[in-house]
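I have placed the structure first, in the form of structure tokens, so that the comments after it can refer back to it.
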Amino acid sequence: MAVQISPSILSADFARLADEAAAVPNADWLHVDVMDNHFVPNLTIGLPVVEALLKATSIPIDCHLMIEDPDRFAPAFAEAGAGSVTVHAEAAKAPVRTLRQIRSAGARSGFALNPATPVEPYEDLLGEIDMLLLMTVEPGFGGQPFLDVVLPKVRRARALIARHGGQVWLQVDGGVSATTIERCAEAGADVFVAGSAVYGADDPARAVEDLRGLAERAARP
Ligand code: DX5
Ligand code: ZN
């Protein structure tokens, strides 16, 4: 399983998003945090900005929807051309339908769990999911400290995924940095979101490479 790095533009300069995307040409994805001020206590950007970003970069877009009604809004992000669209378990009322709609619109389907949401109840959904996102902070803001308490769940999720054929990517998001990424990789994560650790660095592309190196070495058996 290859390590992938997904810099979160939440920590980038919103007035210069095209330049900020160009600053990480070695990123596998650009992570876009969509927040509605209801599911989380913060308001960020929506579909029009994602559409503009899609025209401004060739890096695939990884949309993380922290919104109250993902069943209604998620398919449009996939139809617009996002490569991956993730909805939250705590918000989706019809996750099977929504995950299928994301896939049929041509995107990878993502399913996210907050730190206190257990993974086991969703085992039967793994066939509908291309990427499972385990939040390693309470969602809503960049720059929060990493929650070690989630690591046992990362291990259990990796084991569940392995039992189901190993196809599902396992993403961690929140507080991922040079000091925490190795623990995540050892526990079985393979897609790493990093906001402040990338866009807070003097050289964001270098930060992406450093994170990738640390994760690859830690993931090696
Ligand atoms: C938090 C967002 C994250 C955030 C991560 O709710 O989902 O993607 O940008 O930022 P850092 O890496 O700074 O914790
Ligand atoms: Zn995110």
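Counting starts at 1 for both ligands and their atoms, in listed order. What you are looking at is a predicted structure, and each value in this text was computed from that prediction instead of being measured. These numbers come from the heavy atoms of this one structure, side chains and all, not from hydrogens, waters or symmetry mates.
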- When you check the gap from the basic side-chain N to the acidic O, do Asp203 and Arg206 get nearer than 4.0 Å? no
- Salt bridge present between Asp69 and Lys93 (N-O < 4.0 angstrom): no
By number and element, which atoms of ligand 1 are closer than 4.0 Å to a non-hydrogen atom of [X]?
X: His31; answer: 8 (O)
X: His64; answer: 7 (O)
X: Met135; answer: 7 (O)
X: Pro139; answer: 6 (O)
X: Ser196; answer: 11 (P), 12 (O), 13 (O)
X: Ala194; answer: 12 (O)
X: Met66; answer: 6 (O), 7 (O)
X: Val193; answer: 8 (O)

Indicate yes or no: does an N/O atom of [X] lie under 3.5 Å from an N/O atom of ligand 1?
X: Gly195; value: yes
X: Met35; value: no
X: Gly175; value: yes

[atom] - nearest protein heavy atom and its distance:
atom: atom 6 (O) of ligand 1; result: Gly140 N, 2.7 Å
atom: atom 1 (C) of ligand 1; result: Phe141 O, 3.5 Å
atom: atom 9 (O) of ligand 1; result: Ser8 OG, 2.8 Å
atom: atom 10 (O) of ligand 1; result: Gly142 CA, 3.5 Å

Which N/O/S atom belongs to [X] and is the closest one to the Zn ion (ligand 2)?
X: Asp33; result: OD1
X: His64; result: ND1
X: Asp173; result: OD2

- Item | Check: Thr179 main-chain N/O paired with Arg183 side-chain donor or acceptor under 3.5 Å | yes
- Determine the sole option in Asp33, Val32, Leu10, Leu53 for which the side chain to side chain contact (heavy atoms under 4.5 Å, CB included) test with Ile45 is passed. Val32
- Item | 4.0 Å heavy-atom contact, Ala197 with ligand 1 | no
Do the side chains of [Y] and [X] get nearer than 4.5 Å, heavy atoms only?
X: Gln171; Y: Gln4; result: no
X: Thr44; Y: Val49; result: no
X: Leu126; Y: Leu160; result: yes
X: Thr117; Y: Glu90; result: yes

- According to the ring pair (Phe, Tyr, Trp, His ring centres under 6.0 Å) rule, which pairs have a member within residues 120-160, sequence neighbours left out? Phe111-Tyr122
- Item | Option nearest atom 2 (C) of ligand 1 (shortest heavy-atom distance, choices Leu133, Asp33, Val40, Val176) | Asp33
- Query: Among Thr136, Asp173, Val34, which residue places a heavy atom closest to atom 7 (O) of ligand 1?
  - Reply: Asp173
- Task: First locate atom CD1 of Ile61, then atom CD of Glu51, and finally report the distance between them rounded to the nearest 0.5 Å.
- Result: 11.5 Å
- Under 4.5 Å between side-chain heavy atoms, hopping through other hydrophobics if needed: is there a path connecting Val150 to Met131? no
- If you look at every heavy atom in Ala218 and Glu186, which pair is closest and at what distance? O-CG, 3.6 Å
- Task: Quick one: name the residues clustered hydrophobically with Met135, using the 4.5 Å side-chain heavy-atom rule over I, L, V, M, F, W, Y, and just say none if it's on its own.
- Result: Leu133, Val137
